[in-house]
Amino acid sequence: MSKRFIVLLGPPGAGKGTQAKMISEKLDIPHISTGDILRESVKKDTPLSREVKQVMEKGELVSDSLLEQIIKERLNERDCDKGFLLDGYPRNLSQSETLKAILSEKNIFGDVVALEISVSDDEIVQRLKNRRSCPNCGMVYNLVSNPPKKDAICDNCGYQLVLRDDDKEETVRQRLLVYHQKTEPVIYFFEKFNKLLKVNGNGTPEKILEEVLEKLN
Ligand code: AMP
């Protein structure tokens, strides 16, 4: 199968994480989530990580320069030779330009496809309030649409599930605001290069995956 270079776009709570996991398994490419990388890195207690943690808790964007460093390093890892799926990057126009430069240097920008999963703001607020995440293995559940088998316990590793700080309603509203102001232009950036595919994010994860794979082919 040809290599796949996918950029997943859509508001927080659109189901990007769930789709990313399913798509990357199906296509056998690494799932690169900048949110996951940042959450992992702020577990260490350093002055920089404390600063980054505060920015994330407020639902704001972490600095472009730090993200550039993170994404460059990650895309240079061997597993990305077979393709990748980016989830959470780029988040603004400046990051889009940076990504374009990095991928152009690798001669793969021409092969990139951006996949936008669209969902309304009201639906997102409802979804994220009910989202529970595993702080150990990163599995994500929804108390209504995809509950764990045992109350508040991760099916995968048995850890106690949590409501992520940035999934609290006030932070969700802030993240949506940031999304509309800063991240939505990224959609038009890829559209301009004729690289945009749109998928409706309402429906079961399996149904959405089906549409994604259809569109990718
Ligand atoms: P996510 O899990 O993708 O929703 O990311 C959680 C938080 O990590 C975001 O609200 C931002 O604070 C930060 N973050 C993740 N990716 C980026 C990025 N590309 N640029 C800046 N901040 C980011």
Side-chain angles (χ1 to χ4, degrees), residues 6-24 30-44 48-75 80 84-103 112 114-119 121 123-125 127-142 161-187 189-190 201:
I6 304 170
V7 174
L8 204 53
L9 300 172
K16 292 197 299 299
T18 308
Q19 284 306 314
K21 201 165 173 292
M22 294 165 86
I23 299 167
S24 61
H31 166 204
I32 302 175
S33 155
T34 46
D36 284 351
I37 295 174
L38 287 166
R39 275 185 288 280
E40 192 54 41
S41 74
V42 299
K43 283 184 184 164
K44 292 177 224 134
L48 175 65
S49 72
R50 279 197 290 275
E51 206 180 298
V52 170
K53 193 162 188 271
Q54 271 185 0
V55 173
M56 291 173 76
E57 276 169 6
K58 281 193 284 182
E60 306 278 349
L61 293 186
V62 176
S63 81
D64 290 344
S65 58
L66 180 61
L67 264 296
E68 178 172 350
Q69 198 183 322
I70 289 175
I71 208 75
K72 265 190 182 155
E73 255 173 47
R74 185 62 188 89
L75 293 182
C80 291
F84 52 74
L85 184 146
L86 283 184
D87 164 17
Y89 190 90
R91 257 330 208 265
N92 58 27
L93 277 182
S94 152
Q95 294 183 5
S96 308
E97 294 289 357
T98 301
L99 181 67
K100 179 171 179 283
I102 297 173
L103 300 183
V112 170
L115 202 61
E116 181 202 353
I117 303 183
S118 54
V119 179
D121 283 11
E123 169 73 19
I124 282 162
V125 173
R127 283 189 192 181
L128 290 189
K129 274 201 311 202
N130 290 317
R131 181 151 91 169
R132 295 294 180 274
S133 310
C134 175
N136 184 46
C137 72
M139 282 283 282
V140 176
Y141 301 83
N142 185 289
L161 301 176
V162 296
L163 174 66
R164 257 168 44 185
D165 283 337
D166 58 355
D167 283 344
K168 292 180 179 151
E169 183 161 351
E170 203 184 291
T171 314
V172 169
R173 298 240 174 239
Q174 175 60 21
R175 287 167 72 198
L176 280 171
L177 202 74
V178 170
Y179 175 77
H180 290 305
Q181 283 175 348
K182 302 194 171 156
T183 311
E184 237 168 31
V186 174
I187 295 172
F189 176 89
F190 284 102

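Order of listing sets the numbers, starting from 1, for every ligand and every atom in it.
When hydrogens are left out, the protein atom nearest atom 4 (O) of ligand 1 is Arg175 NH2, 2.8 Å; that is the closest non-hydrogen contact. For atom 8 (O) of ligand 1, the closest non-hydrogen atom of the protein is Met56 CE, 3.4 Å. Of the protein's non-hydrogen atoms, the one nearest atom 19 (N) of ligand 1 is Gly88 O, 2.9 Å. Among all protein heavy atoms, the one lying closest to atom 13 (C) of ligand 1 is Leu38 CD1, 3.6 Å.
Taking 4.0 Å as the cut-off between side-chain N and carboxylate O, Arg173 and Asp121 do not count as a salt-bridged pair.
Looking only at distances, no side-chain donor or acceptor of Ser96 sits under 3.5 Å from a matching main-chain atom of Val186. Distance alone, capped at 3.5 Å, is enough to place a donor-acceptor pair between the Gln95 side chain and the Arg91 backbone. No donor-acceptor pair under 3.5 Å is formed between the side chain of Arg132 and the backbone N or O of Leu163.
In terms of polar-atom proximity, defined here as any N/O pair under 3.5 Å, Glu60 does make such a contact with ligand 1. Polar contact check, Thr34 against ligand 1: a nitrogen or oxygen pair lies under 3.5 Å apart. The shortest N/O to N/O separation between Asp166 and ligand 1 does not fall below 3.5 Å. Distances between N or O atoms of Val62 and those of ligand 1 include at least one value under 3.5 Å.
For the side chain to side chain donor-acceptor pair (under 3.5 Å) criterion with Glu184, the lone passing option out of Lys182, His180, Gln181 is His180.
No more than 12 heavy atoms of other residues, nucleotides or ligands shown are found within 6.0 angstrom of NZ on Lys44. More than 12 heavy atoms of other residues, nucleotides or ligands lie within 6.0 Å of CD in Glu123, so this atom counts as buried by the packing criterion. Other residues, nucleotides and ligands place no more than 12 heavy atoms under 6.0 Å from the CD atom of Gln54.
Residue-ligand proximity: Arg164 is placed with a non-hydrogen atom under 4.0 Å from ligand 1. Contact between Lys58 and ligand 1 is absent, with no heavy atom of the residue lying under 4.0 Å from the ligand.
Residue Gln95 touches ligand 1 through its side chain alone, judged by heavy-atom distances below 4.0 Å. Using a 4.0 Å cut-off between heavy atoms, Leu61 contacts ligand 1 through both its backbone and its side chain.
Which of Arg39, Gln54, Lys16, Arg91 comes nearest to atom 3 (O) of ligand 1 through a heavy atom is settled by distance: it is Arg91.
The nearest pair of heavy atoms linking Val62 to Val55 is N-CG1, 3.8 Å.
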